Amino acid sequence: MPLQAVMIVVDNSESSRNGDYQPSRFDAQADAINIMFESITQSNPESSVGLMSMGGKGPEVLSTLTTERGKLLDGLHRTKKKISGSSHLATGLQIASLALKHRQNKSQRQRIIAFVCSPVADDEKKLVSLAKKMKKGNIDIDFVLFGDLDDDDVQKKLEAFNNAVKTNDSSHLVVIPPSGKLLSDQLITTPILLGEGAASGSGGMAEGGGDFGDFDFDPSADPELALALRMSMEEENARQAKQARENEVTQMSSIQEEGENQPLLNEQGEPSGSGSSKDNKKGDDDKMDTS
């Protein structure tokens, strides 16, 4: 993964109490956020992650951008006591973008990952307009739509947003229906964590035989191994790139200019060159005799 600043938006609306994901939708998000933080920071130690909620009385920043996992866990613990109301997706995304704008390292790529497990009250036209603003601001938006929602309009709205914001598959919409698997395990095999080169299948899940170099296997069969392989390959690529740069510097320093080995003084202690000072003096005397 590239150097990035990521704001994760958790859905703490009343719908997050639902138990179609054990023990609840909110706890499933908390587990997935922990995996996301590990994946983002291990792939690039200089990347930072922030956290905010979009339910309850309104969106709230739980942790500004940080590299400390404990701050995110503390924010999740505090907001678990505030599960209520409905989600405020559009407002939450706008606040997340402001948090990214104030990141300290401006070279970090801006990204928002939003979990959605409740109805979205914002109309499609408003969301598409917001998506265009996010695209103009070079902010990637990933949605994780999960849970058994009766309203199909939620997915349609998110699809419209995704179509308006994405550039070269830099933003993703992952739809994960309830199943016996953990939400975090299913997210590991999606492009959100695997990167832009990962293949995606129906439901937003990555197909087998993704970008794992010589390792040809189905990542959904062993999500933890898939994530470990991905991180290992990224670390190896970074090591090889660093080694190549060091070799280039070594080669440049070994190149010597022509005549660089010639001593500055000759045996007589005079400056070395094409002729000595004595020869020059003799030539001067000859000139004076002829005159």
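Here the structure is a predicted model, which means the values were calculated and not measured.
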Tell me, with the steps shown, if Lys132 and Val128 meet side chain to side chain contact (heavy atoms under 4.5 Å, CB included). CA-CA 6 Å; Lys132 293 179 180 179; Val128 170; 3.9 Å; yes
Under the side chain to side chain contact (heavy atoms under 4.5 Å, CB included) rule, what do Val174 and Leu145 come out as? Steps first, then yes or no, please. CA-CA 6 Å; Val174 175; Leu145 178 60; over 6 Å; no
Separation between CD1 of Ile95 and CE of Met52, rounded to the nearest 0.5 Å: 4.5 Å
Are Val116 and Val154 packed together at the side-chain level, in the sense that at least one heavy-atom pair is separated by less than 4.5 angstrom? yes
Examine the side chains of Asn162 and Ser171 and answer whether a donor and an acceptor come within less than 3.5 Å of each other. no
Does a salt bridge link Asp123 with Lys157, judged by any charged N lying under 4.0 Å from a carboxylate O? no
Under a 4.5 Å cut-off applied to non-hydrogen side-chain atoms, are Gln29 and Cys117 in contact? yes
Where Asn12 and Phe26 come nearest, the two heavy atoms and their spacing: CB-CE1, 4.0 Å
Mind checking whether Asp140 and Ile112 have side chains closer than 4.5 Å, heavy atoms only? no
Under a 3.5 Å threshold, yes or no: a donor from one side chain and an acceptor from the other, between Ser118 and Ser15? no
So, do Asp20 and Phe146 sit near enough that their side-chain heavy atoms are less than 4.5 Å apart? no
Minimal heavy-atom distance between Ala5 and Leu100, with the atoms involved, is O-CD2, 3.3 Å
Which atom of Ala131 lies closest to which atom of Ala164, heavy atoms considered: CB-CB, 3.7 Å
Would a distance-only check, ignoring hydrogens and angles, find a side-chain to backbone donor-acceptor pair under 3.5 Å from Arg17 to Ser24? no
Report yes if some heavy atom in the side chain of Phe161 is under 4.5 Å from a heavy atom in the side chain of Leu93; otherwise report no. yes
Is there a side-chain contact between Asp142 and Arg111, using heavy atoms and a 4.5 Å cut-off? yes
Would a distance-only check, ignoring hydrogens and angles, find a side-chain to backbone donor-acceptor pair under 3.5 Å from Thr91 to His88? no
Compare every heavy atom of Ser179 with every heavy atom of Tyr21, then report the nearest pair and how far apart it is. OH-N, 4.4 Å
Is the shortest side-chain heavy-atom distance between Lys135 and Thr167 below 4.5 Å? yes
Within the supplied structure, the quantity of interest is the number of heavy atoms (other residues, nucleotides, ligands) at a distance under 6.0 Å from Lys136 NZ; does it exceed 12? no
For Ser170 and Lys166, indicate whether the former's side chain and the latter's backbone hold a donor-acceptor pair under 3.5 Å. no
Which heavy atom of Ala96 sits nearest to which heavy atom of Met7, and what is that distance? O-CG, 3.8 Å
Ser47 side chain vs Gln4 backbone, donor-acceptor pair below 3.5 Å: yes
Spacing of Thr190 atom OG1 and Ile176 atom CD1 [to the nearest 0.5 Å]: 6.0 Å
Heavy-atom check, side chain of Val49 versus side chain of Leu65, under 4.5 Å: no
Backbone N or O of Thr64 within a donor-acceptor pair of the Lys71 side chain at under 3.5 Å? no
Linking I/L/V/M/F/W/Y whenever their side-chain heavy atoms sit closer than 4.5 Å, directly or via other members, would Met54 and Val61 fall into one cluster? yes
Assess the residue pair Gln110 and Arg103 against the criterion (side chain to side chain contact (heavy atoms under 4.5 Å, CB included)); give the C-alpha distance rounded to whole Å, side-chain angles, the decisive distance to 0.1 Å, and a yes or no. CA-CA 9 Å; Gln110 301 176 90; Arg103 66 194 186 283; 3.2 Å; yes
Is the closest basic N to carboxylate O distance between Asp74 and Arg78 below 4.0 Å? yes
Under 3.5 Å donor-acceptor, Asp185 side chain and Lys181 backbone: no
Report the C-alpha separation of Ser48 and Thr66 in whole Å, then their side-chain angles, then the decisive distance to 0.1 Å, and conclude whether the side chain to side chain contact (heavy atoms under 4.5 Å, CB included) test is met. CA-CA 5 Å; Ser48 56; Thr66 181; 5.9 Å; no
Quick one: pull up CG in Leu62 and OG1 in Thr79 and give me the separation to the nearest 0.5 Å. 5.0 Å
Nearest 0.5 Å, what's the CG-CG distance between Leu127 and Leu158? 7.5 Å
Check whether Thr189 reaches the backbone of Gln186 with its side chain - one donor and one acceptor, N or O, closer than 3.5 Å. yes
More than 12 heavy atoms of other residues, nucleotides or ligands under 6.0 Å from CD of Glu14: yes or no? yes
List for me each residue that meets ring pair (Phe, Tyr, Trp, His ring centres under 6.0 Å) alongside Phe37, sequence neighbours excluded, and say none if there are none. none
CE of Met36 to CG of Leu187, rounded to nearest 0.5 Å, is 4.5 Å
If every non-hydrogen atom of Val165 is compared with every non-hydrogen atom of Ile139, which pair is closest and at what distance? CG2-O, 4.0 Å
CD1 of Ile35 to CG of Leu182, rounded to nearest 0.5 Å, is 9.5 Å
Is a salt bridge present between Asp122 and Lys126, judged by a nitrogen-to-oxygen distance below 4.0 Å? yes
